[in-house]
Amino acid sequence: MATKSSKPRKTTSSKQTGQPGSTVTPIGPAGNLRETQSRVATQADQRVHDPRNQAEVRIEEEVRIRAYELFEQRGRQQGFHDEDWAQAEAEVLAKYRRDKSA
């Protein structure tokens with residue numbers, strides 16, 4: 001059976017080694033986080049309900065779906081997300097241009 005040592009354990013804490021602590025600066029009190037989340041949610045709701053932006057939201061969703069389809073067609077190979085997005089965006093925008101001109 002192991003016996004306990006009366007010596008304190010050594011740690012690598014920045015307080016004991018003299019190294020500076022975290023360099024991350026907090027943005028503010030926790031209350032601000034809730035306010036920010038609420039403001040972002042409200043802005044998102046306004047964008048979706050604004051008739052001018054509904055088409056943009058719909059187009060972006062179609063691009064997202066098409067990009068995922070391209071990803072699956074490639075056999076789910078990683079590393080081609082930019083190409084998939086660009087191709088999907090071109091296809092969807094071309095479809096909307098055709099529909100608009102018709």
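Since this is a predicted model, take the numbers as computed values, not measurements.
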Subject >> Partners meeting side-chain hydrogen bond (donor to acceptor under 3.5 Å, both in side chains) with Arg64 (sequence neighbours left out) >> reply: Glu60, Glu61
Subject >> Reported CD1-to-CD distance for the pair Ile59 and Gln54, which is rounded to 0.5 angstrom >> reply: 12.0 Å
Original post:
Between CD of Gln78 and CZ of Arg74, what distance do you get to the nearest 0.5 Å?
Top reply: 10.5 Å
Subject >> Exercise: identify the closest heavy-atom pair between Ala88 and Ala67 >> reply: CB-N, 3.4 Å
Subject >> Arg76 NZ/CZ over Phe71 ring centroid, <6.0 Å and within 45° of normal >> reply: no
Sequence neighbours left out, cut at 3.5 Å: what donor-acceptor pairs do the side chains of residues 91-102 make with other protein atoms?
from, atom 1, to, atom 2, distance (Å)
Glu91, OE1, Arg66, NE, 2.5
Glu91, OE1, Arg66, NH2, 3.3
Glu91, OE2, Gln87, NE2, 2.9
Lys95, NZ, Glu62, OE1, 2.8
Tyr96, OH, Arg58, NE, 3.4
Tyr96, OH, Glu62, OE2, 2.6
Ser101, OG, Arg97, O, 3.2
Ser101, OG, Arg98, O, 3.1

